[in-house]
Amino acid sequence: MTRYSVSVHITPRRGVLDPQGQAVGGALRTLGFAGVRDVHVGRYVIVEADADSEQAARDDVSRMCERLLANPVIEDFEIATVSAK
Amino acid sequence: MTRYSVSVHITPRRGVLDPQGQAVGGALRTLGFAGVRDVHVGRYVIVEADADSEQAARDDVSRMCERLLANPVIEDFEIATVSAK
Amino acid sequence: MTVSARPGDPVITPALVAEHGLTPDEYAKLQDMLGRDPTFTELGIVSALWSEHCSYKHSRPLLRTLPTKAPYVLQGPGENAGVIAIGDGLAVAFKIESHNHPSAVEPYQGAATGVGGILRDVFTMGARPIAMLNSLRFGSLERPRVRYLFGGVVKGIGDYGNCVGIPTVAGEVMFDDSYEGNPLVNAMCVGIMKEDELITAVASGVGNPIIAVGARTGRDGIHGASFASEDLSAASDAKRPRVQVGDPFTEKLLLEASLELIRSGHIVAIQDMGAAGLTSSSAEMAARGDVGVTIDVMKCPVRESGMTPYEILLSESQERMLVVAKKGHEAQVHAILEKWDLTTAVIGEVIAEPVYRVTEGNRVVAEFPGIRLVTDCPTYTPAACESDDIARLRAMDVAGIPPKPEEADASWTLLSLLASPTIASKRWVYRQYDTSVRTNTVIGPGGDAAVVRVRGTNRALALKTDCNGRYCYLDPRMGARIAVAEAARNVACTGGRPMAITNNLNFGNPRRPEIYFQLRECVSGMAEACEALGTPVTGGNVSLYNESPIGAVYPTPVVGMVGLIDDLAHITRSHFQRAGDDIVLLGDSFDEIGGSEYLARVHGVVGGAPPRCDLPAEKALIDALLEAIASGAVRSAHDCAEGGLAVALAECCVMSRDEPLGADVDLNAWPAVPLRAVLFGESQARVVVSTPDAAAVIAAAQRHGVPARKLGTVGGKSLRISLGATQLDCALSRIDDAYHESIARLMAEMPASSTPELVS
Amino acid sequence: MKFAIVTFPGSNSDYDAYQAVVEQLGEQAVYVWHKDHDLQGADVVILPGGFSYGDYLRAGAIARFSPIMQEVATHAARGAPVVGFCNGFQIACEAGLLPGALLRNDSLKFVSENVRLRVENANTRFTSEYESGQLITLPIAHGDGRFTADEDTLDRLEGNGQVVFRYVPGAGDADRWWSPNGSARAIAGIINEAGNVLAMMPHPERAVDQLVSSGDGLPLFHSILARVAA
Ligand SMILES: Nc1ncnc2c1ncn2[C@@H]1O[C@H](COP(=O)(O)OP(=O)(O)O)[C@@H](O)[C@H]1O
Ligand SMILES: [Mg+2]
């Protein structure tokens, strides 16, 4: 068993209202960042877990996302990185 | 001007209690993911903004993090990716 | 003008018609109304307006039988909310609404957007929301999925109401397997206004502009969109969301802006874009005013590009309103909304021609003969027939069920009932609700009804939702009467005179005769009780098709009661206040354990006839109680409900966790009634009163023909009940723990299948 | 005396603060819109409770950039009193008027109830009408009330008497620390070093009228009045 660190991005689904992203975008423009077009706010989750292989770690975390970490009705997830510790 | 998409990771500072990470870790283990050691939950922010160059986009978003997106008392930030759209 | 099909619209086939929920007869009716075939857009509009949710096609004839009138009713059913006058030139607007199906799919957002919708119904009447209530039903908390739904719904209700800044002050939650796959989430809002600030959603004035206000329109929650996601437009995202996400922040802005707009005199009508969005709000406002309207969907602010008229008309994006402004006042309207950072756009106008017309730029994509669009909707009176199985359950000989060995210790039974999630304190729930914001909450959740003062007067409102679905299942007419009577009793216990109700009829599929029977009987029972208690119905909501693979939910006609306390000095709490006070029971106990929580929890039995609801007795009880309260003789009052007299007494002891007070009572007054029925039977029309002057309370009761007797005295650190050979002595600490901690324990036991806590 | 109550989009306890000042104290209060640049000559600024900007991103993070916050900062820098309740505490920390930050409650749940507090320092211009060590009951209603700062900051706050209110358990157990939200050292409210900016998670403005509350918030307002009158 090796310890892996797997990071995940969870983001509001396209088409789902993202009021948080809108509010932050508006605030940034008010602060003078005129070039800001769109902002999306999601979660960044790092799971440290023991697994037999990198692939196993990735698969485990995918299942964690499906079952708990992401809300499939309104969110998408994507495994960002997998690294042995 | 080009449209860039810049993504940022904002994570709880080490030493700051992360009850969300703990709760999620506990929940994952109860769901049968026995290998889970540690979980950290942070924010994943995607800023789409117009800028003159990739470097300018990165610099802009760094300043956005310093001013608004992250609170240095409790959070660290890191620019994860910068890409032209 | 001629209507032309849009290039790219699907061809209308019988299958497409069926997918839109229209029967062949309904489709023929539509063709007849138009004198031609409808366009795809028109089909969408009609499918929304003639849906059960918008048209009440299976319930309208029944709803007409409910009493709706009283001198103080300013607005009965038919508007966004009902309105009653409460004196001093003030009025109260209130309404309840369900969000059952959205909450079953996504509990957090489903419940949150339910709260948002009902808030809008109230503030679009011109009233400022001052209190929220809810009524919730779930399956058993032993199951992870149920814990997930329960946790998510409670958090969704809390987060939304808290953020908008409206206290959630009362409600009810019950757990039963019949709700397993189909939880019920009903939210009620109460608002206050001056009588002359009342505004209705009636479009008028040819040439007046129609303005869309608030959030932009997205592709969320498009009616019936699940089937069409690929067909509609190739470019559209196949994963188009069916769940709407709420934005309480925008709602708060919308609330303030709407009230400012209404008070400004620049508008003639305003309505929430709720179910079926732009379509229903515009069609209903036009129909109420019997005027024509024209709307150009291209002028509607959208969130995504490439939206079709069909999508824009049927989107259920949240936090949007439709306003009919006075012609020439557009700039002033715009300025008010701008101040609150809200988007506005003039999207149409009131026209003289009696048509409902939708254009996409210059192309007419839908046109109906105005009012017929709403009035031509068919109504149905399906066959009704009681289910034999249920009739058999009701006839079951529950008295013959032998007690369990553990019941030899009556404290065991009492503690298991107190720990039953249906009876246990809902503190775990309402600790997540801001109850103190706006500083009007005199009595928050935890007692009988909530009490909210009316600022600037010496009055207060008493508010409560109630319904026991199990009673309604076993005997729908009786169960619905009880729902009204119990809500009224709860209101009276706090010193309030019951005034009027709103109701939410949660039922299964009405096309099944046994379900339509339940609906019909429940409406009759509700009508009888409202008649007898003098509480007209000012509005409500019907939610049908609440079924899952295991069957229909219990018939659950939730009652939301508003009462008036006309002197702040009369406000009465539920729990014992002072050691040494006498304990008096108003009302009588009978051998009635049918349908009880005792049978369900201890014996796993749902059967027998529910307790009888004697309406004149309920009325007399309320009058007697209010008279005793007004005379100053009553220190606390709490009615008997689920769990019966023993549970009511225990609740009186520990409801205040800071200052629990024990009691010493003798229940030998009913020798003919079996012991367990005296303790745990759920006979109606009973209230436990504590008083420094038992004689005065009993005298008041006698004047109204209400049986009353002294049961014992308040005091000590335990609840002591003597009944025949039984001597129950249960420490307050054990009662407190069973009552106050059991839901928290169940929720902590194991994580739900997903964590609502992750919602950012 | 004149109180300015800053209304941010999403404020909701601004009304409670207004009613407390006008109805209970009989003093003057004005709502100041967040886009304004004028405190209208107020003596005291109240940053009210609520969910400014929906609490999106972090509670108080966006509100601190509201135009009016420049005037609030100037007002505070002059040594004039600023008091924040609930969201006002979060905004004050985000704006750097006070040290530390307020994070999601450790239970991860919104918590609304009456809590018992101990007045740790009655020698401030906001608490002179209490006694040090006095136990009071105030409502809380927040999801992000976990006060957090590094150990040095916490020690400094304690050493300077800047910890003004602390959560304590129920009756008879006042020496232990206990917190409904996981706050460091059970801190419920703090004051700045200069002694003119106080903020707290509990709601004294909702506890000024016995009919709906304990009334224990009233002395805080009376302290403010007494100080200025003196
Ligand atoms: N979902 C809820 N939201 C707010 N308050 C609730 C909720 N459920 C129960 N309560 C409160 O808990 C108390 C007991 O409720 P309930 O058991 O329904 O009482 P009763 O039997 O008198 O109708 C009431 O004060 C009620 O308002
Ligand atoms: Mg009751």
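Just so we're on the same page: letters track the sequence lines, and every chain starts at 1.
Using modelled atom types, one finds a donor on one side chain and an acceptor on the other under 3.5 Å when comparing D/Ser183 with D/Asn181. Side-chain contact check for B/Asp18 and B/Gln22: no donor-acceptor pair (N or O, by modelled atom type) lies under 3.5 Å.
D/Val45 is not listed as a side-chain neighbour of D/Val32, based on a closest heavy-atom distance of 4.5 Å or more.
Contact annotation for B/Leu69: both backbone and side-chain heavy atoms come within less than 4.5 Å of a heavy atom of chain D. Contact of D/Ile62 with chain B is made through backbone and side chain together, with heavy-atom distances under 4.5 Å. The contact between B/Glu75 and chain D is made entirely by side chain atoms (from C-beta outward), counting heavy-atom distances below 4.5 Å. Both the backbone and the side chain of B/Arg67 come within less than 4.5 Å of a heavy atom in chain D. With a threshold of 4.5 angstrom between heavy atoms, B/Leu68 approaches chain D through its backbone and through its side chain.
Classified by interplanar angle (parallel below 30°, tilted 30° to 60°, perpendicular above 60°), the ring pair D/His34/D/Tyr53 is perpendicular. A perpendicular orientation is assigned to the rings of D/Phe165 and D/Tyr130, their planes being inclined by more than 60° (bins at 30° and 60°).
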